[in-house]
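Fair warning: this is a prediction, and the values are worked out from it, not measured in the lab. Just so you know, residue 1 is the first one in the sequence shown, and it goes up from there.
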Amino acid sequence: HALYRPEQPNWERSAEYARHSIESHSHWYPYPYPQMTVNEGVIGGGMEYPMITIIGGGRTPLSLYGVISHELAHMWWPMVVGSNERKHAWMDEGLASFSEDLFTPTLFPEAPGGLGTMQGYLRTAGSDAETESMRPADLYGPFGNRGLASYGKPATVFRALRAILGEETFDGAMRTYIRRWAFKHPHPLDLFWTFEDVTGRDLDWFFHPWLYTTRVMDQAIDGLSVDEGGRRVTVFLVDRGEIPMPVHLAVEVEGGEPVRFTADVEEWEGRRMEVELRLPGPALRVVLDPEMMFPDVNRADNTREAGAR
């Protein structure tokens with residue numbers, strides 16, 4: 001159901017947006033309730049309750065869909081998986097924001113989605129204004145720290161983890177987490193351990209620095225060697241940040257598809273890595289994280305021209 005004043009712009013599609021949101025978020029776990037009501041109300045943003053959400057009017061189509069999608073994502077977190085938002089706000093708001101970002105482009109292809117959320121996080125990342133996500137919500141500082149620590153940063157973090165694990169593996173782990181903890185009350189370690197159980201990987205290197213600290217990631221191309229024909233490149237990588245992450249590298253090749261290279265986080269030797277690649281054509285450009293899935297605080301040193309034209 002959608003209840004709104006007829007003079008509110010764009011609300012005529014609100015029931016459609018709600019239906020699309022329920023169908024999208026059911027990717028994780030079937031919607032368990034008999035109905036859903038989206039209600040225009042006197043509120044700046046939105047507020048969720050079981051089977052009903054109150055949303056402020058006066059929105060663009062994308063803004064209205066985004067709030068509806070986010071609030072309906074709460075029917076999964078925390079209405080199905082009942083984590084404690086006062087202690088671990090990111091378990092609700094972060095996963096809802098991640099899910100909203102993931103599915104919004106399926107209806108609005110022009111939406112920045114997770115990239116826009118990541119850029120919002122990067123504007124504050126590593127500064128004194130940032131607060132770690134694992135801090136209890138009533139102890140967040142000023143400067144909008146609740147929004148960053150609970151919404152934007154964890155959404156960005158789980159977007160990066162999905163890129164690391166692969167969509168199929170990540171989605172399987174998330175479905176297993178919801179299935180195991182449906183109508184129960186998990187803590188953060190229950191989420192972490194489920195992902196480790198499903199993937200068979202130790203992920204402490206990922207979860208601890210991203211959620212317990214305000215450390216940052218900063219990978220860089222420190223040097224580049226290209227042979228005379230441009231078909232063999234040696235890339236010298238350096239980790240200038242405080243959070244180790246895998247390497248996702250692409251070499252753009254003249255007249256062909258990019259050549260891609262990935263390395264697990266364990267493959268770093270100290271803070272440096274040397275990558276040698278043989279190419280089907282002359283190299284044009286080398287790019288770290290070409291899909292922009294990782295929250296690197298300085299992307300200016302992620303690209304290096306190879307010289308071929």
What is the ring orientation for [X] with [Y], classed by angle as parallel under 30°, tilted 30 to 60°, or perpendicular over 60°?
{"X": "Phe108", "Y": "Tyr65", "answer": "tilted"}
{"X": "Phe103", "Y": "His25", "answer": "perpendicular"}
{"X": "Tyr4", "Y": "Trp11", "answer": "tilted"}
{"X": "Tyr151", "Y": "His70", "answer": "parallel"}

When you compare the side chain of [Y] with that of [X], does any pair of heavy atoms fall below 4.5 Å?
{"X": "Leu115", "Y": "Met292", "value": "yes"}
{"X": "Phe294", "Y": "Met118", "value": "no"}
{"X": "Arg159", "Y": "Met293", "value": "yes"}
{"X": "Asp204", "Y": "Glu196", "value": "yes"}
{"X": "Arg146", "Y": "Glu93", "value": "yes"}
{"X": "Arg271", "Y": "Arg240", "value": "no"}
{"X": "Trp90", "Y": "Val157", "value": "no"}
{"X": "Thr234", "Y": "Glu274", "value": "yes"}

- Query: Can the ring centroids of Phe158 and Tyr177 be said to lie less than 6.0 angstrom from one another?
  - Reply: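 Centroid separation for Phe158 and Tyr177: 6.0 Å or greater.
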Crowding at [atom1], [X] (>12 non-hydrogen neighbours, <6.0 Å):
{"X": "Gln35", "atom1": "CD", "answer": "yes"}
{"X": "Glu168", "atom1": "CD", "answer": "no"}
{"X": "Glu269", "atom1": "CD", "answer": "no"}
{"X": "His187", "atom1": "NE2", "answer": "no"}

[X] side chain vs [Y] backbone, donor-acceptor pair below 3.5 Å:
{"X": "Arg175", "Y": "His27", "answer": "yes"}
{"X": "Asn10", "Y": "Arg59", "answer": "yes"}
{"X": "Asn145", "Y": "Ala149", "answer": "no"}
{"X": "Glu100", "Y": "Ala73", "answer": "no"}
{"X": "Arg304", "Y": "Ile221", "answer": "yes"}
{"X": "Ser63", "Y": "Thr60", "answer": "no"}

Within one Ile-Leu-Val-Met-Phe-Trp-Tyr cluster: [X] and [Y], side-chain cutoff 4.5 Å:
{"X": "Val265", "Y": "Phe236", "value": "no"}
{"X": "Ile43", "Y": "Tyr49", "value": "yes"}
{"X": "Tyr140", "Y": "Leu148", "value": "no"}
{"X": "Trp193", "Y": "Ile178", "value": "yes"}

Distance (rounded to the nearest 0.5 Å) between [X] [atom1] and [Y] [atom2]:
{"X": "Leu191", "Y": "Thr176", "atom1": "CG", "atom2": "OG1", "value": "11.5 Å"}
{"X": "Thr117", "Y": "Asp101", "atom1": "OG1", "atom2": "CG", "value": "3.5 Å"}
{"X": "Leu288", "Y": "Asp218", "atom1": "CG", "atom2": "CG", "value": "10.0 Å"}
{"X": "Leu3", "Y": "Ile55", "atom1": "CG", "atom2": "CD1", "value": "11.5 Å"}
{"X": "Gln219", "Y": "Ile243", "atom1": "CD", "atom2": "CD1", "value": "11.0 Å"}
{"X": "Glu305", "Y": "Arg285", "atom1": "CD", "atom2": "CZ", "value": "4.0 Å"}

- side chain to side chain contact (heavy atoms under 4.5 Å, CB included) between Thr106 and His20, worked out: CA-CA 9 Å; Thr106 64; His20 183 273; 3.1 Å; yes
- Message: Do Trp28 and Ser99 pair up side chain to side chain, a donor and an acceptor below 3.5 Å, judged on atom types alone?
- Response: yes
- Message: Tell me every residue that passes side chain to side chain contact (heavy atoms under 4.5 Å, CB included) with Arg272, counting only those two or more places apart in sequence or in another chain.
- Response: Asp222, Val238
Please find the pair of heavy atoms, one from [X] and one from [Y], that lie closest to each other, and give the distance.
{"X": "Thr199", "Y": "Phe195", "value": "OG1-O, 2.7 Å"}
{"X": "Pro188", "Y": "Met134", "value": "CG-SD, 3.9 Å"}
{"X": "Thr214", "Y": "Thr131", "value": "CG2-C, 3.7 Å"}
{"X": "Leu95", "Y": "Met174", "value": "CD2-CE, 3.9 Å"}
{"X": "Met75", "Y": "Tyr33", "value": "O-CE1, 4.0 Å"}
{"X": "Tyr29", "Y": "Ala182", "value": "OH-CB, 3.8 Å"}

- Give the C-alpha distance, both sets of side-chain angles, the deciding distance and a yes or no for side chain to side chain contact (heavy atoms under 4.5 Å, CB included) between Val247 and Glu267. CA-CA 9 Å; Val247 171; Glu267 296 182 46; over 6 Å; no
- Query: Any ion pair linking Arg180 and Asp190 (charged N to carboxylate O, less than 4.0 Å)?
  - Reply: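 No, this pair does not count.
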- Query: Do Arg162 and Glu291 meet the salt-bridge criterion of a basic N to acidic O distance under 4.0 Å?
  - Reply: no
- Query: Do any pairs count as a salt bridge (Lys or Arg N to Asp or Glu O under 4.0 Å) and have a residue in residues 3-14, sequence neighbours left out, and if so which ones?
  - Reply: Arg5-Glu40, Arg13-Glu16
- Task: Check the pair Thr262, Arg260 against side chain to side chain contact (heavy atoms under 4.5 Å, CB included), reporting the backbone distance first and the verdict last.
- Result: CA-CA 7 Å; Thr262 61; Arg260 300 183 181 275; 5.8 Å; no
